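A quick note: this is a predicted structure, and the numbers were derived from the prediction, not measured.
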Amino acid sequence: MAAELLEAGCHDHYVDAALYDYEYRRRRADVTFYRRLAGRVLGGPGDILELACGSGRVTAALARDGHRVVALDLSATMLERAAARISRLGKAARSRVHLVRGDARAFSLAGKFPLVIMAFNSFEHLLTRTEVAACTDAVKRHLSPGGRFAFDVQNPCLPWLIRDPERRWARTRFRHPETGEPLIYTTNHDYDPVSQIALIRIFYDPHIERRTVRSRTPVPDERVVYLTQRKFFPAELETLMWATGFSVEQCDGDFHGEPLSADAESQVLVVRPR
């Protein structure tokens with residue numbers, strides 16, 4: 001896979017923040033999980049470091065619960081969206097959030113935290129073992145003694161990974177949440193089983209009357225957004241955690257505490273330094 005496309009896949013999806021929030025507007029279970037985890041780990045209002053905070057879905061909920069949250073993200077547009085979300089909170093909750101632009105692979109902040117979180121598959125943007133180690137090393141430097149690191153990734157689905165990359169999937173008709181422009185959403189991807197990286201193409205076609213084409217390339221006036229994800233298999237992920245100095249305290253198959261199984265869509269982990 002071309003390096004420039006892999007890099008684009010770590011940024012493209014986060015440029016249109018309004019569209020991003022619209023597409024994931026029904027996602028709630030992860031927010032509930034991280035709120036409950038914070039309550040359990042901290043035993044009350046406490047300090048949390050959130051990596052790859054995005055548009056602030058989880059951030060705002062934690063602040064409303066009384067936690068002090070340092071929320072870090074690399075995307076300027078996501079941080080702008082998060083700031084707008086935080087601005088709608090009450091004065092006390094607003095004062096508990098500090099937004100920081102930074103890279104989860106290389107950050108240095110004042111203080112240590114009893115809980116570090118990285119929600120919504122953001123860990124999948126760590127494309128290599130070196131990047132995983134850089135992130136986990138930074139997390140360890142920012143964890144207070146006895147602290148936990150919690151994150152979630154998708155559980156790799158083999159039928160999805162081997163889908164025909166020339167076919168379009170998930171055709172959906174909708175209107176852009178800000179402009180009202182009618183659009184047709186379709187997607188496909190390439191998966192490299194050696195690097196375990198999926199390069200996803202998301203197509204937005206303004207010609208809703210046009211029949212969806214069987215192609216990996218955009219047609220005239222169609223916009224394509226790239227999304228890059230590294231797929232982590234369960235045994236591999238446990239080994240990576242051990243190799244980077246963590247032990248797995250909890251690993252569930254969803255945000256409700258169900259056991260990890262072959263049919264699980266997610267891997268939800270809570271780990272701590274050994």
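- In this structure, CD in Glu4 is found 9.5 Å from OH in Tyr226, a value given to the nearest 0.5 Å.
- Between Phe120 and Tyr24, the ring planes lie perpendicular to each other; the angle is over 60°, past the 30° to 60° tilted range.
- Residues Arg216 and Glu166 form a side-chain contact, since some pair of their non-hydrogen atoms from C-beta on lies under 4.5 Å apart.
- Using a 30° and 60° split on the angle between ring planes, Phe149 and Phe123 fall in the tilted class, from 30° to 60°.
- More than 12 heavy atoms of other residues, nucleotides or ligands lie within 6.0 Å of CZ in Arg40, so this atom counts as buried by the packing criterion.
- Under the 4.0 Å criterion applied to side-chain N and carboxylate O atoms, Glu124 and Arg230 are not assigned as salt-bridge partners.
- Tested against Ile184 for a side-chain contact (heavy atoms from CB on, under 4.5 Å), the candidates Arg173, Arg168, Glu209 yield a single pass: Arg173.
- A cation-pi arrangement, defined by a distance under 6.0 Å to the six-membered ring centre and an angle within 45 degrees of its axis, is present between Arg167 and Trp169.
- The structure places CD1 of Ile86 at 10.5 Å from CZ of Arg96, a figure rounded to the nearest 0.5 Å.
- Here the shortest heavy-atom pairing between His176 and Leu19 reads NE2-CB, 4.0 Å.
- Scanning both residues, Leu37 and Ala150, for their nearest heavy atoms gives CD2-CB, 3.3 Å.
- Closest approach of Leu127 to Gln229, counting heavy atoms only: CD2-C, 4.5 Å.
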Worked check of side-chain hydrogen bond (donor to acceptor under 3.5 Å, both in side chains) between Arg85 and Ser55 = CA-CA 8 Å; Arg85 189 189 298 268; Ser55 63; 3.3 Å; yes
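- Considering all non-hydrogen atoms of both residues, Arg175 and Pro182 come closest at NH1-CD, 3.7 Å.
- A donor-acceptor contact shorter than 3.5 Å links the side chain of Asp192 to the backbone of Val194.
- In this structure, CG on Leu260 lies 8.5 Å from CG on Asp252, to the nearest 0.5 angstrom.
- Other residues, nucleotides and ligands place no more than 12 heavy atoms under 6.0 Å from the CD atom of Glu238.
- Taking 4.0 Å as the cut-off between side-chain N and carboxylate O, Arg148 and Glu249 count as a salt-bridged pair.
- Here the side chain of Ser122 pairs no donor or acceptor atom with the backbone of Met118 at under 3.5 angstrom.
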Is there a salt bridge (charged side-chain N to carboxylate O under 4.0 Å, His left out) between Asp21 and Arg57 once you walk through the steps?
-> CA-CA 9 Å; Asp21 267 351; Arg57 290 184 314 112; 5.7 Å; no
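- Residues Ala29 and Phe255 share a closest heavy-atom pair of O-CB, 3.6 Å.
- No side-chain N or O of Glu265 forms a donor-acceptor pair with one of Gln154 less than 3.5 Å apart.
- Side-chain atoms of Asp16 and Tyr204 include no donor-acceptor pair closer than 3.5 Å.
- Rounding to the nearest 0.5 Å gives a distance of 10.5 Å between CZ of Arg64 and OG1 of Thr59.
- At a threshold of 4.5 Å between non-hydrogen side-chain atoms, the residues Pro218 and Phe203 count as touching.
- Between Thr228 and Leu5 the shortest heavy-atom distance is OG1-O, 3.8 Å.
- Residue Arg27 places its CZ atom among more than 12 non-hydrogen atoms of other residues, nucleotides or ligands, all under 6.0 Å distant.
- For the pair Arg68 and Glu50, the salt-bridge criterion is not met [side-chain N within less than 4.0 Å of a carboxylate O].
- Here the options are Thr187, Asn188, Thr186, the test is side chain to side chain donor-acceptor pair (under 3.5 Å), and the partner is Arg201; only Asn188 passes.
- Note that CG of Asp254 is 11.5 Å distant from CG of Asp30, once rounded to the nearest 0.5 Å.
- Under 3.5 Å, the side chains of Asp221 and His207 contain a donor-acceptor pair of N or O atoms.
- Between Thr244 and the choices Val271, Thr239, Val139, Thr136, the side-chain contact (heavy atoms from CB on, under 4.5 Å) rule is met once, by Thr136.
- Put simply, CD1 on Ile208 and CZ on Arg210 are 11.5 Å apart, with the number rounded to the nearest 0.5 Å.
- Relative orientation of the Phe174 and Tyr22 rings is parallel, given thresholds of 30° and 60° on the angle between their planes.
- Residues Tyr14 and Leu51 are members of separate hydrophobic clusters, defined by side-chain heavy-atom contacts under 4.5 angstrom among Ile, Leu, Val, Met, Phe, Trp and Tyr.
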